[in-house]
Amino acid sequence: PNSLMWSSPRWGGFAMDAGYSFNPTPAIGSLEADLAATAATATRKGRAWMLNPTYSGSNWHIAYSYWSGKTDAAPTGLAAADQRSDQIYGYYTWGGFKLGALWNKSRLNQAATGALGAAGTKISDRSAWSIPFRYTTGSHSFLAHYTKARDDKATAVQDGAKMWTMMYAYSLSKRSKVSLAYSKINNDAAGAYNLFTNVSLGSAAAVAAPGEDVRLLSLGMLHSF
């Protein structure tokens, strides 16, 4: 809520998006309750910054994404930790091929002294990288990616994961496509990464237990109006 966003014109190959939010993550669960808690405690006001400069050439693109956010009132739960994320990504195309790369580093710091430690204590520090690939010829597209999340430096367990996906897509027309995809996540012993489509099912069995691997077979159809 209460967000400001600015997108620059394009200067040659350079462009910039910038955003600011006065309350990026309600600390209690609803905007009304969060505002009431902030007014009562006067601990601090939440805010978030987002910057996304990009540069594009004729067949390549490179970008950097920055995020810094904190909640109102600084409660002590994990979900209310101060957030910082840095990401570099880009791609290169030639013929029908497109190859990308992405690197992300995300950190969570304790917002206020509590069960997880003193204010400012690092409670999560994780980096991840991904290599996506696509080849298109005529109506056929072949896509794949390999992604690796490293162990969290703020924990003493092996909680990383690896993920790969393979997909085939066929264009029925300029506006319609069908696709078939298979994905798998291999979690380390304490890793519990999951696919957001699995979590959205809402069942207890859809939640990945630590060390449990996750698989998804999907058939999709897209039509643009």
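Cluster membership for L222 and L217, using ILVMFWY side-chain heavy atoms within less than 4.5 angstrom, is not shared. Cluster membership check: M16 does not share its hydrophobic cluster with M5, using side-chain heavy-atom separations under 4.5 Å among Ile, Leu, Val, Met, Phe, Trp and Tyr. Under a hydrophobic clustering in which Ile, Leu, Val, Met, Phe, Trp and Tyr are joined whenever their side-chain heavy atoms come within less than 4.5 Å, directly or via other members, Y146 and F97 fall into the same cluster. Tracing side-chain contacts under 4.5 Å through hydrophobic residues (I, L, V, M, F, W, Y), one never reaches I131 starting from Y193; they form parts of separate clusters. Note on L180: it does not cluster hydrophobically with M167, by side-chain heavy-atom contacts below 4.5 Å among ILVMFWY residues.
The aromatic rings of Y20 and F22 lie perpendicular to each other, with more than 60° between the two planes, well past the 30° mark. Note on ring orientation: taking the six-membered ring where Trp is involved, the planes of Y91 and H61 are parallel (angle under 30°, cut-offs 30° and 60°). Note: W11 and F14 have parallel aromatic rings, judged against thresholds of 30 and 60 degrees for the angle between ring planes.
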Applying side-chain contact (heavy atoms from CB on, under 4.5 Å), run through W60 and Y55 and close with a yes or a no. CA-CA 9 Å; W60 58 274; Y55 195 90; 3.2 Å; yes

Using the side-chain contact (heavy atoms from CB on, under 4.5 Å) rule, take M166 and Y182 through it: C-alpha gap first, then chi angles, then the decisive distance, then the call. CA-CA 6 Å; M166 298 184 69; Y182 180 77; 5.5 Å; no

Criterion side-chain contact (heavy atoms from CB on, under 4.5 Å) on K184 and W164, from CA distance to verdict: CA-CA 6 Å; K184 183 178 180 182; W164 59 268; 4.0 Å; yes

side-chain contact (heavy atoms from CB on, under 4.5 Å), that's the test. Do K70 and R47 meet it? Break it down for me. CA-CA 6 Å; K70 66 179 184 179; R47 61 102 184 105; 3.9 Å; yes

Apply side chain to side chain donor-acceptor pair (under 3.5 Å) to the pair N52 and S65, showing each step before the final yes or no. CA-CA 5 Å; N52 185 208; S65 178; 4.7 Å; no

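Side-chain contact between Y170 and L172 is present, with heavy atoms from C-beta onward closer than 4.5 Å. Between K153 and S127 the shortest side-chain heavy-atom distance does not fall below 4.5 Å. Within the 4.5 Å cutoff, the side chain of H140 has heavy atoms near those of the Y168 side chain. You'll find the side chain of H145 reaches within 4.5 Å of the side chain of M163, heavy atoms only. The closest side-chain heavy-atom distance from Y89 to Y64 is not below 4.5 Å. Counting heavy atoms from C-beta on, the side chains of D151 and D188 come closer than 4.5 Å.
Open room surrounds CZ on R134; 12 or fewer heavy atoms of other groups in view lie less than 6.0 Å from it. Annotation: W49, atom CH2; neighbour count of heavy atoms from other residues, nucleotides and ligands within 6.0 Å does not exceed 12.
Checked by atom type and distance alone, the side chain of D213 pairs as donor or acceptor with a backbone atom of N187 at under 3.5 Å. Listed for the T155 side chain is a donor-acceptor partner under 3.5 Å among the backbone atoms of D152. Using modelled atom types, no side-chain atom of D86 and backbone atom of Y66 make a donor-acceptor pair closer than 3.5 Å.
S183 and T165 share a donor-acceptor pair across their side chains, judged by distance under 3.5 Å alone. A donor-acceptor contact under 3.5 angstrom links the side chains of D17 and S7, judged on distance only. Using modelled atom types, one finds a donor on one side chain and an acceptor on the other under 3.5 Å when comparing Q87 with N104.
The distance from atom CG of N109 to atom CD1 of I123, rounded to the nearest 0.5 Å, is 7.0 Å. Atom-to-atom distance recorded for W67:CH2 and L51:CG is 11.0 Å, nearest 0.5 angstrom. Taking OG of S106 as the start and CZ of R126 as the end, the distance is 5.0 Å to the nearest 0.5 Å. To the nearest 0.5 Å, the span separating CG on D159 from OG on S124 amounts to 8.0 Å. The CH2 atom of W129 lies 11.0 Å from the CG atom of L102; values are rounded to the nearest 0.5 Å. To the nearest 0.5 Å, atoms CG (L216) and CG (N194) are separated by 9.5 Å.
When every heavy atom of A149 is checked against every heavy atom of A128, the shortest pair comes out as CA-CB, 3.9 Å. The two atoms that bring A192 and A208 nearest to each other are CB-O, 3.7 Å, heavy atoms only.
Between R107 and D82, no side-chain nitrogen of the basic residue sits less than 4.0 Å from a carboxylate oxygen of the acidic one, so the salt-bridge criterion is not met. Between K105 and D125 there is a salt bridge, since a side-chain N of the basic residue sits under 4.0 Å from a carboxylate O of the acidic one.
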